[in-house]
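The structure under discussion appears below in the form of structure tokens.
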Amino acid sequence: MVGVGPRRQPSRKGSTADMPHDLLGEIKRLEDLFSVDTAKLKAITEHFISELAKGLSKEGGSIPMNPTWCMSFPTGHEQGTFLALDMGGTNLRVCEIILPEEKGEFDIIQSKYRMPEELKTGTADELWGYVADCLQQFIEYHHEGEKLGNLPLGFTFSYPASQDYIDNGVLQRWTKGFDIDGVEGEDVVPQFEAALKERGVPIKLTALINDTTGTLIASNYTDDEMRVGCIFGTGCNAAYMEHAGEVPKLAHMNLPADQEIAINCEWGAFDNEHKILPRTPYDVIIDKDSPRPGQQTFEKMIAGLYLGEIFRLVLVDLHSQPHVQIFPNQDISALQKPYSLDASFLSDIENDPFENLQETHDSFDSKLGIKTTKPELELIRRLTELIGTRAARLSACGVAAICKKKGYTTAHVGADGSVFNKYPHFKARGAQALKEILDWDKDRDGKKLGRGRDPIEILPAEDGSGVGAALIAALTIKRVQQGHNVGVRDPAGILAGCGPAK
Ligand code: BGC
């Protein structure tokens, strides 16, 4: 088969030789459904490029392409002490970051708090109350008894927010399964600040950022070849640095055409009109049953929140087919529970080192109460490979589209998130897809760049929502100090609250 990436871990051969016909037929059907060949990857990338441009136009498109008012890469000489708050999809993290004199260095202390599941569908007051309580706890723990001046805060709010200013952000829509009333269409900063004020927490928000913008800036701080920041985690998205002249929807701001401004693409919304992505019936169900049907089409095919659910839906569907003998006469009620399997369940299956897939057998038994046969295990393993490979290959289309749009023939792309960091083979499968999309001649390009290197490499990023948020706060304070206040709502407040940042 052409271009579906590595089929097997080298240590395990796998075998379909003694597979019953019904399961073999299903494996073939699933391969056809989930494989994305090179020609399709290229077509998706071309459409992606035009959609990125459309998002920057006055009329707009599906991909929001939000200007972030982060207006330069760091120099590496940013300094000061900052707080960073990271509200992602799964955890809440509070950090204190010291950017010292040494170029590209940082110190960080941090505390993590689990986002309680019920908060995601609770009320706005509960959400902001919880966030403010965590911040307060952090400050009390790390600065007990100190008289704390207002520390500048970079708040990483990893949802689509349109920003007229760096210190505001109107939530366009919740993603990643969040569904909290009273926040969509509202500026989240006053809601957050009101909760802080109620608790007497002495913090001034300097910058509201996206995790991808943080990743872009933090990665560029330590590697100036970094041009794109990506998250492949619970959700997925990317940010890159654009020239204002390429952003027609900012024409009214009269920025110099070569002024840099980071764009948070919000590419999870790519192809919401369903023109190009090879959606399966399972992707359609995921969308239909989600809190925001019709939104985040791309994300729902590749992000960590959905990989386990796609897998689960396929197995439930196969079990319901009279002509397929999978888990016959077994109680599959545990498997029938929506979102009961997360991406780590799939990772573990792909990582199962045993020829007889013993670990997979055991986890189906212990987690789902299902006893699996050898042929069933072979199908299960192949299904995880197909779902994981599709996610990596489609992700590469987004990266290739940004690089092609910007004309980058060589670049580093900083990536973070649980899928990128933990899902087996995600990096290699993504790199393979980039090679196919961009037609690299491995020998020639590899020689030019040095052994084993691709012209565009997706590499592990620095901590975007910690160090990146601090850096963006520092960059904002610096430009306000220099009188460059465009895209800043409260320059005086930021200066008053920022202490001695340099
Ligand atoms: C959000 C983005 C975020 C991404 C990764 C998506 O669901 O809309 O803002 O960058 O997840 O966390």
Side-chain angles (χ1 to χ4, degrees), residues 51-52 55 61-70 84-93 115 120 154-163 166 169-180 183-185 188 207-219 228-240 262-272 286-287 290-307 309 339 342-343 391 394-395 398-399 402 413-423 426 458 461 463-466 468-469 472:
E51 288 296 300
L52 293 174
S62 278
I63 306 184
M65 302 298 278
N66 291 328
T68 65
W69 304 104
C70 166
L85 170 67
D86 174 13
M87 188 185 138
T90 315
N91 294 315
L92 192 87
R93 188 166 62 116
M115 279 291 267
K120 299 180 183 171
F155 178 6
T156 306
F157 181 71
S158 304
Y159 306 87
S162 60
Q163 297 187 279
I166 196 159
V170 175
L171 177 64
Q172 292 165 321
R173 72 197 64 82
W174 285 119
T175 58
K176 296 183 275 205
F178 276 63
D179 189 11
I180 302 172
V183 192
E184 281 170 319
V188 299
L208 184 80
I209 71 158
N210 187 260
D211 50 358
T212 54
T213 319
T215 299
L216 172 71
I217 298 301
S219 299
V228 182
C230 295
I231 300 288
F232 303 111
T234 308
C236 77
N237 187 17
Y240 73 104
I263 301 292
N264 162 22
C265 301
E266 289 297 336
W267 77 17
F270 171 60
D271 203 33
N272 279 350
I286 293 228
D287 183 45
S290 75
R292 296 288 178 281
Q295 304 289 346
Q296 304 294 98
T297 299
F298 187 56
E299 176 162 279
K300 285 170 177 160
M301 296 174 78
I302 62 185
L305 178 61
Y306 305 102
L307 297 183
E309 185 61 2
Y339 289 90
D342 61 20
L394 291 180
S395 300
V399 173
I402 291 180
V413 172
D416 206 348
S418 50
V419 173
F420 183 77
N421 292 323
K422 296 195 196 137
Y423 198 94
F426 187 84
I458 309 180
D463 169 14
S465 36
I472 295 172

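For ligands, and for the atoms within them, numbers begin at 1 and follow the listed sequence.
- Every ring-ring contact (aromatic ring centres under 6.0 Å, His included) that F270 has, sequence neighbours left out, goes to H47, F48, F298.
- Closest protein heavy atom to atom 6 (C) of ligand 1: E299 OE1, 3.0 Å.
- For atom 4 (C) of ligand 1, the choice among N237, I209, L171 with the nearest heavy atom turns out to be N237.
- Between the side chains of T213 and T68, no donor N or O sits under 3.5 Å from an acceptor N or O.
- Polar contact with ligand 1: absent for T212 (N/O pair, distance under 3.5 Å).
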Check the pair T212 / C265 against side chain to side chain contact (heavy atoms under 4.5 Å, CB included), numbers first and verdict last. CA-CA 9 Å; T212 54; C265 301; over 6 Å; no
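- Contacts between N264 and ligand 1, counted as non-hydrogen atom pairs separated by less than 4.0 Å, are absent for every part of the residue.
- When hydrogens are left out, the protein atom nearest atom 5 (C) of ligand 1 is D211 OD2, 3.3 Å; that is the closest non-hydrogen contact.
- A perpendicular orientation is assigned to the rings of W174 and Y159, their planes being inclined by more than 60° (bins at 30° and 60°).
- Atoms of ligand 1 found under 4.0 Å from any heavy atom of I231 (numbered from 1 in listed order, with element): 5 (C), 12 (O).
- A salt bridge links D179 with R292; the closest basic N to acidic carboxylate O contact falls under 4.0 Å.
- A heavy-atom separation below 4.0 Å is not found between G233 and ligand 1.
- A distance-only check finds no donor-acceptor pair linking the side chain of K176 to the backbone of T90 [under 3.5 Å].
- Here is the list of ligand 1 atoms found below 4.0 Å of a heavy atom in P160: 8 (O), 9 (O).
- Ring geometry for F155 against F157 counts as perpendicular: the plane angle is over 60°, on a 0 to 90° scale with 30° as the lower cut.
- Of all atoms in ligand 1, listed by their number and element, those nearer than 4.0 Å to a heavy atom of E266 are 1 (C), 2 (C), 8 (O), 9 (O).
- Heavy atoms of A303 found under 4.0 angstrom from ligand 1: none, in either backbone or side chain.
- Heavy atoms only, all atoms of each residue included: D287 and Q295 are closest at OD1-O, 3.8 Å.
- The nearest heavy-atom contact from the protein to atom 11 (O) of ligand 1 is K176 NZ, 3.3 Å.
- With ligand atoms numbered from 1 in the order given, ligand 1 contributes 5 (C), 11 (O) to contacts under 4.0 Å with heavy atoms of G235.
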